[in-house]
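All remarks here apply to the structure that follows.
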Protein chains: 2
Amino acid sequence: MANQAAGGGHRTAPVHTDPEDVSVQTALSAVADPVRMQLIRELAGSADWSRSCGSFDVPVGKAALSHHFSVLRGAGLVEQRDEGPKRVNRLRREEFEARFPGLLDLVLRGDSTR
Amino acid sequence: MANQAAGGGHRTAPVHTDPEDVSVQTALSAVADPVRMQLIRELAGSADWSRSCGSFDVPVGKAALSHHFSVLRGAGLVEQRDEGPKRVNRLRREEFEARFPGLLDLVLRGDSTR
DNA sequence: CCGAGTGTTCGATGCGTATCTTACAGTCCG
DNA sequence: CGGACTGTAAGATACGCATCGAACACTCGG
């Protein structure tokens, strides 16, 4: 009876927003932040559900990190699921791409290509 | 000998940034602002060089407006030219599109499609 | 040459938000 | 059960940035 997910979570279950219900404004603001950009990039380079929130290499504390994930959820960019004590993530590639064509690619390509 | 442009301008000539020299960060931040988004949309719906800075329907004063145009120039989104006492604008569609594929379309499509 | 029109610069202000610290609420393992 | 680990919530702080008002610079038409 190990990984049961869903059931408990932490205090409350993560609230998700469908990309279809996200405004361009919100999406762009969410993405136009250095820390969140980094999160998205790392997330894109990992398998779905393989990364817990704390496993990212960003220069902010847990609290701020939690906030950023909240913003990403609100923008329909990230889906979360509770897996034991950890909250694991998945990048909503296709759904987000369908709503905001090209945007994710832009973030992922980043400046690395230049 | 009417419109001679270039020559004088106001105090200094407008400083432009090539889209190629703009970071994704900068581009996204520039675009992720309601007022600037509006400017871009109106600009996209007008012929090149047909709109002076003051001719846009945005709810901010001249000072703020000037600031926004400065940001847009810095992001490689807008080109300006002095024409008499006015400063007229042009959206750098192709150049910007080449550097940030899809981004401009995204802003222009906006929420109108939903 | 003066006045109207246009846009920039400067200084000050207000608000949003990213951040930290601390406290708390869960989950799991020994 | 008790402690380690993970993430969220709440309160405080700091900084960026959008905004405004006023002063200035430049152009053009009478």
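Quick note on labels: first sequence line is chain A, next is B, and so on, each numbered from 1.
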Legend entry - Between C:dG16 (P) and A:Gln25 (CD): distance, integer Å: 14 Å

Inset, instruction - Would you mind reading off the distance between B:Arg81 atom CZ and D:dT27 atom P, rounded to a whole angstrom? - result: 16 Å

Legend entry - Rounded distance in Å - CG (A:Asp82) to P (C:dT27): 9 Å

Inset, instruction - Let me know, please, whether B:Arg36 or A:Cys53 comes out on the 5' side of the other along DNA chain D by nearest nucleotide. - result: A:Cys53

Legend entry - Side-chain N,O (B:Arg87) to OP1/OP2 (C:dT6) below 4.0 Å: no

Inset, instruction - Starting from P on C:dT6, measure out to CZ on B:Arg51 and report it in whole angstrom. - result: 13 Å

Inset, instruction - Quick one: pull up CG in A:Asp48 and CG in A:Leu43 and give me the separation to the nearest 0.5 Å. - result: 8.0 Å

Inset, instruction - Tell me which of A:Ser29 and B:Gln80 sits closer to the 5' end of DNA chain C, going by the nucleotide each one is nearest to. - result: B:Gln80

Legend entry - Salt bridge present between B:Arg90 and B:Glu95 (N-O < 4.0 angstrom): yes

Inset, instruction - Report yes if a side-chain nitrogen or oxygen of A:Ser52 is closer than 4.0 Å to either non-bridging phosphate oxygen (OP1 or OP2) of D:dG7; otherwise report no. - result: yes

Inset, instruction - Would you indicate which nucleotide in D:dT8, D:dA18, C:dG26 comes nearest to any side-chain atom of A:Ser66? - result: D:dT8

Inset, instruction - Using a 4.5 Å cut-off on heavy atoms from C-beta on, say whether the side chain of A:Gln38 contacts that of A:Val60. - result: no

Inset, instruction - Going by the salt bridge (charged side-chain N to carboxylate O under 4.0 Å, His left out) test, name the single residue among B:Lys86, B:Arg81, B:Arg87 that passes it with B:Glu83. - result: B:Arg81

Inset, instruction - Please determine, for the side chain of B:Lys62, which listed nucleotide (D:dA10, C:dG26, C:dT6) has the closest atom? - result: C:dT6

Inset, instruction - Return the value, rounded to whole Å, for the distance between atom CG of B:Leu72 and atom P of C:dG7. - result: 15 Å

Inset, instruction - Calculate the interatomic distance between A:Leu65 atom CG and C:dT19 atom C1'; express it in whole Å. - result: 12 Å

Inset, instruction - Side-chain contact test, heavy atoms from C-beta onward, threshold under 4.5 Å: evaluate it for A:Leu77 versus A:Val22 and give yes or no. - result: no

Legend entry - Nucleotide nearest A:Asp33 (side chain, heavy atoms from C-beta), chosen from D:dT19, C:dT21, C:dA18: C:dA18

Legend entry - Nearest-neighbour nucleotide for the B:His68 side chain, D:dT27, C:dG7, D:dT19 considered: D:dT19

Inset, instruction - Would you mind reading off the distance between A:Phe69 atom CZ and C:dA18 atom C1', rounded to a whole angstrom? - result: 16 Å

Inset, instruction - Report the nucleotide, chosen from C:dG5, C:dC20, D:dT19, that has the shortest atom-to-atom distance to any side-chain atom of B:Pro85. - result: C:dG5

Inset, instruction - Check whether any side-chain N or O of B:His67 sits under 4.0 Å from OP1 or OP2 of D:dC20, and answer yes or no. - result: no

Inset, instruction - Respond yes when some side-chain nitrogen or oxygen of B:Thr12 is under 4.0 Å from OP1 or OP2 of C:dT8, and no when none is. - result: no

Inset, instruction - Measure from CZ on B:Phe56 to P on C:dT6 and round the result to the nearest Å. - result: 14 Å

